*Asks:* 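Here it is, the structure in full.
Just so you know, these numbers come straight off a predicted model, no measurement behind them. Here is how names work: the chains are called A, B, and so on, in the same order as the sequence lines, proteins then strands, and each is numbered from 1.
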Amino acid sequence: MDIKSLNDRQKNAVLTIGGPMLVFAGAGSGKTRVLTYKIAYLIQEIGMLPENILAVTFTNKAAQEMKSRVHDLVDVDLSGITIGTFHSIGAMILRKEIGRLGWDSNFTIYDQTDSKSLVKNIIKDLNLDLKMYDPKSTLIKISIAKNSMQSFETLIKSSKNIHEEKIAQIYKEYEQNLKGNNCLDFDDLLVKPLDLFNQFPEVLNKYQNKFKYILVDEYQDTNKPQFEFIKLLSELHKDVFAVGDDDQSIYGWRGADISNILNFQNTYADSKIVKLEENYRSTQNILEAAWSVVSRNQNRADKKLWTKNDTGDKIRLIDAFNEKDEALRIIKDISEIKKNKDVSYDDILILYRTNAQSRAIEDAFIKNGILYNVVGGVKFYDRKEVKDLLAYLKLINNPKDTISFDRIVNFPARGIGKTSLDKIHKKIDSSDNLIECILDLKDLGVGKKQTKSINEFCNSINFYKKRFDNESISIVVKDLIDEMKIREFYKNQNTSESEERWLNIEECITGIVEYENSNENPQLSEYLEEVSLFTDLDSINEQHDKVTMMTIHASKGLEFDYVFIAGLEKGLFPIERIFEEENLEEERRLFYVAMTRAQKKVVLSYARSRRRFGGEPIPTTKSRFIQEIPENLIDNFMASNQDFISNNSFNDFEFDLKTGNIVYHKIFGKGKVERIDGSGSKAKITILFFNNTRKKLIYKYANLEIIE
DNA sequence: CTAAGTCACCTTTTT
DNA sequence: GGTGACTTAG
């Protein structure tokens, strides 16, 4: 390893050993290098064993990458090192220790959908009104309570009205049901290890001794349980190395507490602080523009990035008619960029505030034949068909899992409807082994057909459970899919949608095979855990010649030459929501994160009107962030800085349509533009459609899509 | 009980 | 414009 390639401050951060240290690492300041060099240095120069090192990263992929980068620096066996996300590390500890809290080690991890189903069942069981106690918002309340480490007991005591009391009661039932089902939710993966540490000092002591050096990435985004976790584990050796940037704290809504990083020195006595302020990534203009926005925040540590890089291009601004036009203008800019330089599509990143914005952009990309890759949105493992298959595996792995049982007991349909299922639930206790319990019962109180059907189902589950013990996962899963006739189920529907669903099942099998190939001792329970903690961010790969699109949250830590930030409109970015206090400072940080992903150029865009939920277009106003950037940093800043004059200004809109263009119309199909009369949105377009009909259409209403 | 059809709500952001 | 929950006819 070559320490010389580090700058002085980076060197200081890497070489200072002993005692707590916080590194303020601005965007693009080489923070990942510092972390990897530090680990390498600990192993090679200090002689620390890999198993005594704990490194916490933000995504599983970042963990893998860190491991391989450390491996590039020091050639030792790193299999003993613990690198992972808070959630995966929590899960790892719990698999070993949770017996003490009364769970089995093969516990299932519930995702949000599963948790929501459980909450809903509880609300129904308590005879509460689902409108007054909406499962989704109730789950959010429970999650907030768990993440602020409030038990249901304290919540019941402190409740001020019946509603709050009932919520606390749902919370209580929820916790008891999770335990009865031998399940944990995402929050438990953070909170339960703390329960263990607090109730069983010998467990805490074991891990304190194991983890002699603790490194935490993205420290600004830690929440209360995560903060406690690190604090408890580091109490013995006091060797915490936290890296973060308060300006990039963007997970406040998930309970992340920016004061964890701002108060680091109060938490950890005698801690040292290093600030990395030299940026190696972006141009001066990009940094200046990003800083001019984020520096308006009150609650931040004073600092400013600088760079030896060029001034670079100014920030470009796209003023679009609507979201479709925005997408087209982005494409136009991309082809401009591609024309002038030796640029590939995979140097380009498109960012937006909400996943829903991707649709309009995707549509335009498809029509123009540009390949792209969307990160996030509907996640693979959240798809219905994939969840159904996984529910089989979850139930086989943990026969107490009521939610998975309910999900598949009648999928594909085997004659056990709601009435029968309700009756069965009355006969068995939810904390029992459901399968054994049903097989033991002589009389389930349901019809003959139903009894036969459910017994067959339970026998199958048991049969496959045994097979999983000594056969390869993928082979057994394929047989399971055959026997349950899942393929037939989708093939029989014979729609493009069902076809796609089946393809997703196949992709899932491929994923299982991949898991088997990359693990020495593949286990069903381990596979399920991996899948539960997998996120779309983990699948970001260098795409060959594809444009990448994602939310700004997902882009943290990435860098691209050209970055487009779409939808800079009031209410959308910074986002506003009724009933929720404004969090302008966090939105500014989000904007800062977005800008600082770019190495060469940033293009901002907004649309003067935008459809939401596929409804009517709604006029918009420019985002305040555009005004917060000094005019001289923006390429084509409009002379008048006021908001759009009125909706009538749409009449002045210029479109790209020319005679000879091939266009697509929803009803008439494809056609060729023969003639254009007038200009702007009221222009009359004469089109000869491919079915040989000629139509004269008003541009504004025709909704034409230009194909070529 | 099943399957197809209608309705309501939705959108911040993610482990 | 898409999903999941509820309704209604076989």
Side-chain angles (χ1 to χ4, degrees), chain A residues 56-63 84-91 109-113 115-117 120 130-131 134-137 140 143 147 184-191 218 221-223 225-226 249-256 323 351-360 362-363 375-379 381-384 387 410-421 446-447 449-450 453 489 492-493 495 497 529 532-538 550-556 567 571-578 580 582-583 586-587 589-590 593-594 610-615:
Chain A
V56 189
T57 56
F58 200 68
T59 63
N60 298 304
K61 183 167 181 265
T85 62
F86 276 103
H87 288 83
S88 67
I89 292 163
I109 300 167
Y110 275 172
D111 65 19
Q112 235 136 11
T113 318
S115 296
K116 212 166 70 194
S117 306
K120 192 175 172 191
L130 277 165
K131 287 201 181 79
D134 154 61
K136 195 178 165 189
S137 53
I140 290 171
S143 177
N147 277 305
L184 297 176
D185 67 11
F186 279 135
D187 300 326
D188 287 332
L189 299 179
L190 308 176
V191 173
E218 308 283 5
D221 280 323
T222 50
N223 66 13
Q226 293 168 337
S249 165
I250 54 176
Y251 284 92
W253 51 275
R254 202 166 82 184
E323 73 279 358
L351 294 175
Y352 33 76
R353 180 64 237 273
T354 63
N355 281 306
Q357 284 166 259
S358 76
R359 193 147 307 132
E362 285 183 66
D363 284 349
V375 179
V378 183
K379 287 167 204 73
Y381 292 104
D382 281 346
R383 289 171 193 277
K384 190 190 171 298
K387 282 203 65 126
N410 200 33
F411 170 82
R414 50 175 73 84
I416 302 156
K418 193 178 172 297
T419 335
S420 303
L421 190 57
V446 296
K449 247 183 159 177
Q450 280 73 21
S453 176
F489 177 82
N492 288 343
Q493 290 177 3
T495 62
E497 194 198 315
E529 177 176 314
S532 304
L533 299 179
F534 179 89
T535 74
D536 229 45
L537 302 188
D538 298 324
M550 63 180 80
T551 64
I552 302 165
H553 282 91
S555 76
K556 188 155 87 163
L572 183 59
F573 191 23
I575 205 149
E576 276 167 28
R577 230 193 129 162
I578 339 161
E580 234 169 78
E582 187 186 47
N583 200 344
E586 182 149 315
E587 295 294 313
R589 293 193 290 269
L590 204 46
V593 169
R610 186 177 292 276
R611 288 172 197 272
R612 293 189 105 179
F613 317 121

*Asks:* Below 3.5 Å is the cut-off: list the nitrogen or oxygen pairs between protein and nucleotides 6-11 of chain B, distance only.
*Replies:*
from: B:dT11; atom 1: OP2; to: A:Lys136; atom 2: NZ; distance (Å): 2.1

*Asks:* Rounded to whole Å, how long is the line connecting atom CZ of A:Arg254 with atom C1' of B:dT14?
*Replies:*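 A:Arg254 atom CZ is separated from B:dT14 atom C1' by 5 Å.
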
*Asks:* Let me know the distance between CD of A:Gln226 and P of B:dT14, rounded to the nearest Å.
*Replies:*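 One finds 16 Å between P of B:dT14 and CD of A:Gln226, rounded.
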
*Asks:* Nearest heavy-atom pair of A:Thr85 and A:Thr59: which atoms, and what distance?
*Replies:*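 Shortest heavy-atom contact: CG2-C, 3.5 Å.
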
*Asks:* Say we look at C:dG4 and B:dT13: how far apart would their P atoms be, to the nearest angstrom?
*Replies:*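 Going atom to atom, P in each nucleotide, I get 16 Å.
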
*Asks:* Can you tell me how far C1' of B:dT14 sits from CD of A:Glu586, to the nearest Å?
*Replies:*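 Going from CD in A:Glu586 over to C1' in B:dT14 covers 12 Å.
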
*Asks:* What is the distance, rounded to the nearest whole Å, between atom CG of A:Asp221 and atom P of B:dT15?
*Replies:*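 Going from A:Asp221 (CG) to B:dT15 (P), I get 12 Å.
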
*Asks:* State whether A:Asn355 places a side-chain N or O below 4.0 Å from either non-bridging phosphate oxygen (OP1 or OP2) of B:dT14.
*Replies:*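 So the side chain of A:Asn355 is within the cut-off, an N or O lying under 4.0 Å from OP1 or OP2 of B:dT14.
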
*Asks:* Do NZ/NE/NH1/NH2 and the carboxylate oxygens of A:Glu362 and A:Arg359 come within less than 4.0 Å?
*Replies:*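 No, no charged N to carboxylate O under 4.0 Å.
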
*Asks:* Between B:dC1, B:dT12, B:dT14, which nucleotide gets closest to the side-chain atoms of A:Ala554?
*Replies:*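 The listed nucleotide nearest to A:Ala554's side chain is B:dT14.
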
*Asks:* Classify the nucleic acid contact of A:Lys120 as base, sugar-phosphate or nothing, counting any heavy atom under 4.0 Å across all strands shown.
*Replies:*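 A:Lys120: backbone/sugar contact only, no base atoms under 4.0 Å.
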
*Asks:* Any side-chain N or O of A:Thr419 under 4.0 Å from OP1/OP2 of B:dC1?
*Replies:*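 True: A:Thr419 side-chain N/O within range (under 4.0 Å) of B:dC1 OP1/OP2.
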
*Asks:* Under a 3.5 Å cutoff, is there a donor and acceptor pairing between the side chains of A:Gln357 and A:Thr354?
*Replies:*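 Side chains of A:Gln357 and A:Thr354: pair found under 3.5 Å.
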
*Asks:* Both A:Leu590 and A:Arg414 contact DNA chain B. Taking the nearest nucleotide for each, which residue is further toward the 5' end?
*Replies:*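 Checking each residue's closest nucleotide, the 5'-ward one belongs to A:Arg414.
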
*Asks:* Distance-only, no hydrogens or angles: does the A:Asp188 side chain make a donor-acceptor pair with backbone N or O of A:Asp185 under 3.5 Å?
*Replies:*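 Pair found, side chain donor or acceptor close to backbone of A:Asp185.
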
*Asks:* I'd like the C1' distance from C:dC6 over to B:dT11, given in whole Å.
*Replies:*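 The answer is 23 Å between these two C1' atoms.
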
*Asks:* Quickly work out the A:Leu130 CG to C:dC6 P distance and round it to whole Å.
*Replies:*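 The answer, rounded to whole Å, is 7 Å.
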
*Asks:* CG/A:Asp187 to CZ/A:Arg254 distance, rounded to the nearest 0.5 angstrom?
*Replies:*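 The CZ atom of A:Arg254 is 10.0 Å from CG of A:Asp187, to the nearest 0.5 Å.
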
*Asks:* Using whole Å, report how far OH of A:Tyr381 lies from C1' of B:dT15.
*Replies:*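 In whole Å, B:dT15 C1' and A:Tyr381 OH are 16 Å from each other.
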
*Asks:* Take the protein atom CG of A:Asp187 and the nucleotide atom P of B:dT15, then report the distance between them rounded to whole Å.
*Replies:*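 Interatomic distance, CG of A:Asp187 to P of B:dT15: 13 Å.
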
*Asks:* Under 4.0 Å between a side-chain N/O of A:Ser420 and OP1 or OP2 of B:dC1, yes or no?
*Replies:*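 Yes.
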
*Asks:* Would you mind reading off the distance between A:Phe534 atom CZ and B:dT14 atom P, rounded to a whole angstrom?
*Replies:*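 Spelled out: CZ on A:Phe534 to P on B:dT14 is 14 Å.
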
*Asks:* Examine B:dT14: is either OP1 or OP2 under 4.0 Å from a nitrogen or oxygen in the side chain of A:Thr551? Give yes or no.
*Replies:*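 A:Thr551 to B:dT14 OP1/OP2: side-chain N or O found under 4.0 Å.
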
*Asks:* Could you check whether A:Tyr251 gets within reach of a base, just the sugar-phosphate, or nothing at all, counting any heavy atom under 4.0 Å?
*Replies:*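 Contact class for A:Tyr251: sugar-phosphate only.
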
*Asks:* Within less than 4.0 Å of OP1 or OP2 of B:dT15, is there a side-chain N or O belonging to A:Thr85?
*Replies:*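 Checking B:dT15 against A:Thr85, no side-chain N or O comes under 4.0 Å of OP1 or OP2.
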
*Asks:* Would you tell me if any nitrogen or oxygen in the side chain of A:Asn410 comes within less than 4.0 Å of OP1 or OP2 on B:dT2?
*Replies:*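 For B:dT2, OP1/OP2 do have a side-chain N/O of A:Asn410 under 4.0 Å.
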
*Asks:* List for me each residue that meets ring pair (Phe, Tyr, Trp, His ring centres under 6.0 Å) alongside A:Tyr251, sequence neighbours excluded, and say none if there are none.
*Replies:*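 Once residues adjacent in sequence are excluded, the partners of A:Tyr251 under the ring pair (Phe, Tyr, Trp, His ring centres under 6.0 Å) criterion are A:Phe58, A:Trp253, A:His553.
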
*Asks:* How about NZ on A:Lys387, more than 12 heavy atoms from neighbouring residues, nucleotides or ligands closer than 6.0 Å, or not?
*Replies:*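 Enclosed.
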
*Asks:* Decide if atom CZ of A:Arg612 counts as having more than 12 heavy atoms of other residues, nucleotides or ligands within a radius under 6.0 Å.
*Replies:*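 No, because the 6.0 Å sphere around CZ of A:Arg612 holds 12 heavy atoms or fewer from other groups.
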
*Asks:* Decide, applying a 5.5 Å centre-distance limit and a 30° plane-angle limit (both strict), whether A:Trp253 stacks on B:dT13.
*Replies:*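 According to the criterion (under 5.5 Å, under 30°), yes, A:Trp253 stacks.
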
*Asks:* Taking the nucleotide of DNA chain C with the nearest heavy atom to each, does A:Lys384 or A:Asp363 sit closer to the 5' end?
*Replies:*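 The answer here is A:Asp363.
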
